[in-house]
Amino acid sequence: MQHSPDNSSCRKAYITTPIYYVNDVAHIGHAYTTVIADALAIYSRMVGHDTFFLTGTDEHGQKIEEAAKARGKETQAYADEISGKFKALWDEFGISYDKFIRTTDTEHKQGVQFAFQKMFDKGDIYKDVYKGHYCISCETFFPKIQLVDDEFCPECGKPTSIVEEESYFFRLSDYQDRLLQWYHDNPDCILPRSKRNEVIRFVESGLEDLSVTRTSFDWGVHLPEAINDPKHVMYVWLDALMNYLTALGYGTDNTHMDQWPARVHLIGKDILRFHAIYWPAFLMSLEMPLPKHIAAHGWWTRNGEKMSKSKGNVVNPKEVADAYGLENFRYFMLREVPFGGDGDFSQRALIDRINSDLGNDLGNLLNRLIGMSGKYFEGRIESDLVGKYYQAELNAMRESITKLEPLLFEMQIHRYLEELWRPLSVANKAIDQYQPWTLMKEGREEEAMALNGLIATILANVAVMLHPVMPKTTTAIAGALGFEITQENYEKLIQKAGMLATFTVEKIPPLFPRIEEAVLVEKTEEKKIEKAPAKTEEKEEGVAMIGIDQFFQTSLKIGTVIQAEEVPKSKKLLLLQVDLGDGDVRQVVSGIKEWYSPEALLDTQVCLVANLKPAKLMGIKSEGMVLAAKDKEGLVLMRPEKPKKTGTAVS
RNA sequence: GGCAAGGUAGCUCAGCUGGUUAGAGCGCUGGUCUCAUAAGCCGGAGGUCGGGGAUUCGAGUUCCCCUCUUGCUACCA
């Protein structure tokens, strides 16, 4: 039906997520990757591809060993526990994975050893000495170039010593040209394509051989016995990346090796380099075909801010799913952000998507159909005369439907969903245009029935194509429309543009009740206060200690308010003109209206951050920030105790 | 500093190889129907397409310069 350039290879669909590192708690980023992969897997199965969907956990490495020790647990027991949490979450989310791999699985370890041996025999892995400048105090190697006076540790300033550690190396440098050739020959091997350029430039700048074993810890896959070097364990990336092969039985029983090469490896952009450089190089060494696509998505921010533990604004996917519905959340994640770009999570945006896209456009359309068919035809819906009266609308729907598949495989999932919504608009317009209530009054029942048939057909098509994103919801819609979402019906409705058989619509309650207010309490503020004193160890992201030089990056000045007015339509904002002396007058928008009137501020002095990046508030440019202190009692401005000359620096 | 990708309506983004009055969704706003979830539909406001220059009969779309953002990378701190 549709153009299918390489039908044979499309028949197989091996889809992977990264294996998640068990030193981490599942957050929206994990859920995002997994949901994308799940949607692709469901789609692939629906259209009849032989699909294998893999996810799992990465459990080796020094950090895990230490984390377990710190908790007084056996390393394996600790790994079991955390890995179990991931698995439980995906099970609760109904993720349709075919295999959940763990790097501590025996088969995986055997497979990795098999691969190591093969690379070793081939000469791609050799033993050498890793020389580095090592700071004993920081327990870290530093490249010479970072050292202070070629000797001292850049972190703590203590002298470093040259430490030699035995290591096995992979001849990554040998694969530079072949990698570049691969990127060149396969424009879509790395998605989004802009990321491919980054990778190419990195590879062009020269690749060094990769150290692939460690002797400093033991929690990892040991080298094959034949090599007889028991103090080495494999370094995490060789171990972890190999999961994509070992999950199929590579090196052991080869059960699913016919699934290789992967249709797509879904990853976050942080691990692009490993997947786009090391992984293909390993595969080349193993003389295996390379994956079709490596697709890297972006980050989620929260209300425009980066998520971090110390801010307490990490989005917990389970919380959101519980509050708003799992499938609504899935829809939101896939619809909201262009693939590869960063997305912002806010309850407002989520609610808007649910109310507008899902409720108004989709759910309400089904209700309209239920209402009309119930009122006019006791629920019966016949579609055989749709073409006679509404061919134009059918055509419009078909036009959108046929655009969908390529978008999905190009990872343009947000475009896919956008396009999928057009037929809904066609249906809603058609109802208003042809007015079935008028048709009924005029006795044109055949046309009214055909119109209902049109609506039902459109809803059925949309339900099928939306199924990968919202499997349960669309099953409910299909149920109301008297059909099931199966490969057969996919072929009948989507591929062959067939019509629904006559059926009686089932009255179901609204699928997407309107949401008026945010369900989850935004607790970031409270958390921050509670956590700050307790957690001093999180110096990287929390209330870190800074040097005096960092403090002086902030330019603080005494300024005089020479003009003050209210910002129209704003509850909180005042627009101030603050004189900083020497003709430097700043326009500052400040959220202090609730506590200060413009008159009270005029000709008074304030303390201003003078080198703050300008921002726009309510469309007004703000070129500074007025310092103030706020607690439950209210807000007060920080002012000089006695008037000082305008423009005086604060330090 | 180098490289790359971007800067298009309030917001998120489409605009292919240059060609009539620059588009979509959301938001805002006026009107309207009643089958429907304060939903739907119709209309409207809103853009010097980052700035400047060049090529062209004609540029959001090509070239040059500048500027800002983001990413990768280097280096300084």
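Order of the sequence lines sets the chain letters (A, B, ...), proteins ahead of strands, with each chain counted from 1. These numbers were taken from a predicted model, which means no experiment stands behind them.
- Contact detail for A:Leu520 and A:Gln347: the closest heavy-atom pair is O-NE2, 2.9 Å.
- Taking the C1' atom of each, B:G19 and B:A59 are spaced 9 Å apart, rounded to whole Å.
- For the side-chain hydrogen bond (donor to acceptor under 3.5 Å, both in side chains) with A:Asp188, the qualifying choice from A:Lys292, A:Arg193, A:Arg196 is A:Arg193, the only one to do so.
- A cation-pi arrangement is found for A:Arg273 relative to A:Phe202, the charged atom lying closer than 6.0 Å to the ring centre and inside a 45° cone about the ring normal.
- For B:C64 and B:A4, the P atoms lie 11 Å apart once the distance is rounded to whole Å.
- Within a 6.0 Å sphere centred on CD of A:Glu442, other residues, nucleotides and ligands contribute more than 12 heavy atoms.
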Report the C-alpha separation of A:Ile485 and A:Phe483 in whole Å, then their side-chain angles, then the decisive distance to 0.1 Å, and conclude whether the side-chain contact (heavy atoms from CB on, under 4.5 Å) test is met.
-> CA-CA 7 Å; A:Ile485 298 178; A:Phe483 78 104; 4.2 Å; yes

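- In this structure, A:Tyr376 reaches the sugar-phosphate backbone alone: every heavy-atom distance under 4.0 Å involves primed, P, OP1 or OP2 atoms, never a base.
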Could you list the donor-acceptor pairs under 3.5 angstrom formed between side-chain atoms of residues 452-462 of chain A and any protein atom two or more places apart in sequence or on another chain?
| residue | atom | partner | partner atom | Å |
| --- | --- | --- | --- | --- |
| A:Thr457 | OG1 | A:Gly453 | O | 2.7 |
| A:Asn461 | ND2 | A:Thr457 | O | 2.8 |

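- Spacing between atom CZ of A:Phe202 and atom C1' of B:A74 amounts to 12 Å, rounded to whole angstrom units.
- Every residue two or more places apart in sequence or in another chain that forms a side chain to side chain contact (heavy atoms under 4.5 Å, CB included) with A:Trp300 is listed here: A:Ile28, A:Tyr32, A:Met307, A:Phe332, A:Met333, A:Glu336, A:Val337, A:Phe345.
- The nearest pair of heavy atoms linking A:Leu511 to A:Ala476 is CD2-CB, 4.2 Å.
- By the stacking rule of 5.5 Å between ring centres and under 30° between planes, A:Trp437 stacks on the base of B:C35.
- A salt bridge (charged side-chain N to carboxylate O under 4.0 Å, His left out) check over residues 447-474 of chain A, counting only residues at least two apart or in different chains, returns the pairs A:Arg444-A:Glu447.
- Atom C1' of nucleotide B:U37 and atom CG of A:Leu511 are separated by 10 Å, given to the nearest angstrom.
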How would RNA chain B look in dot-bracket form, 5' to 3', counting Watson-Crick and G-U wobble pairs with both distances under 3.5 Å and writing | for bases paired to another strand?
-> (((((((..((((.....[...)))).(((((.......))))).....(((((..]....))))))))))))....

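- Straight-line distance from the CG atom of A:Asn367 to the P atom of B:A36: 9 Å, rounded to whole Å.
- Partners of A:Glu517 under the salt bridge (Lys or Arg N to Asp or Glu O under 4.0 Å) rule, at least two apart in sequence or in another chain, do not exist in this structure.
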Got a list of protein N/O to nucleotides 23-28 of chain B N/O distances below 3.5 Å?
none

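- Rounded to a whole angstrom, the distance from the P atom of B:A14 to that of B:A24 is 16 Å.
- Computed from coordinates, the A:Ile190 CD1 to B:G71 C1' distance equals 15 Å when rounded to whole Å.
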Using the side-chain contact (heavy atoms from CB on, under 4.5 Å) rule, take A:Trp279 and A:His265 through it: C-alpha gap first, then chi angles, then the decisive distance, then the call.
-> CA-CA 11 Å; A:Trp279 181 229; A:His265 292 306; 3.1 Å; yes

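- Distance CZ (A:Arg514) to C1' (B:A38): 7 Å, rounded to an integer number of Å.
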Sort me out a list of protein N/O and nucleotides 14-17 of chain B N/O pairs below 3.5 Å, or just none if empty.
none

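- Applying the side chain to side chain contact (heavy atoms under 4.5 Å, CB included) criterion to A:His414, with sequence neighbours excluded, gives A:Arg335, A:Pro338, A:Gln412.
- Residues passing the side chain to side chain contact (heavy atoms under 4.5 Å, CB included) test with A:Pro509, sequence neighbours excluded: none.
- Rounded to whole Å, the separation between the P atoms of B:G6 and B:U17 comes to 12 Å.
- Rounded to whole Å, the C1' atom of B:A36 lies 29 Å from the corresponding atom of B:C11.
- The CZ atom of A:Arg193 sits 18 Å away from the C1' atom of B:G71 (whole-angstrom rounding).
- Pairs of residues two or more places apart, or lying in two chains, that qualify as salt bridge (charged side-chain N to carboxylate O under 4.0 Å, His left out) and include a residue from residues 358-375 of chain A are A:Arg368-A:Asp432.
- Comparing B:A39 with B:C26, their P atoms sit 12 Å apart, to the nearest whole Å.
- Distance A:Ile431 CD1 to B:U37 P: 13 Å, rounded to the nearest Å.
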Can you pull every protein N or O that's under 3.5 Å from an N or O on nucleotides 3-6 of chain B?
| residue | atom | partner | partner atom | Å |
| --- | --- | --- | --- | --- |
| B:C3 | O2' | A:Arg201 | NE | 3.1 |
| B:A4 | O4' | A:Arg201 | NH2 | 3.3 |

Test log, rule side-chain contact (heavy atoms from CB on, under 4.5 Å), inputs A:Glu208 and A:Leu172 | CA-CA 6 Å; A:Glu208 288 182 12; A:Leu172 187 61; over 6 Å; no

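- The aromatic ring centroids of A:Trp237 and A:Phe274 lie less than 6.0 Å from each other.
- Within 4.0 Å of A:Lys195, counting heavy atoms only, lie sugar-phosphate atoms of the nucleic acid but no base atom.
- Aromatic ring centres of A:Phe282 and A:Phe170 lie closer together than 6.0 Å.
- Across B:G27 and B:C13, the matching C1' atoms stand 14 Å from one another, rounded to whole Å.
- Mapping A:Asp342 and A:Leu424 onto RNA chain B via the closest heavy atom, the residue that lands nearer the 5' end is A:Asp342.
- When all heavy atoms of A:Ile508 and A:Asn367 are compared, the closest pair comes out as O-OD1, 4.4 Å.
- Comparing B:G46 with B:G30, their C1' atoms are spaced 15 Å from each other, to the whole Å.
- Evaluation of atom-type donor-acceptor distances gives a pair under 3.5 Å for the side chain of A:Asp432 against the base of B:G40.
- Near RNA chain B, meaning a heavy atom under 4.0 Å from it, residues 368-375 of chain A has A:Arg368, A:Gly371, A:Met372, A:Lys375 in order of number.
- Spacing between atom CD1 of A:Ile508 and atom P of B:A36 amounts to 16 Å, rounded to whole angstrom units.
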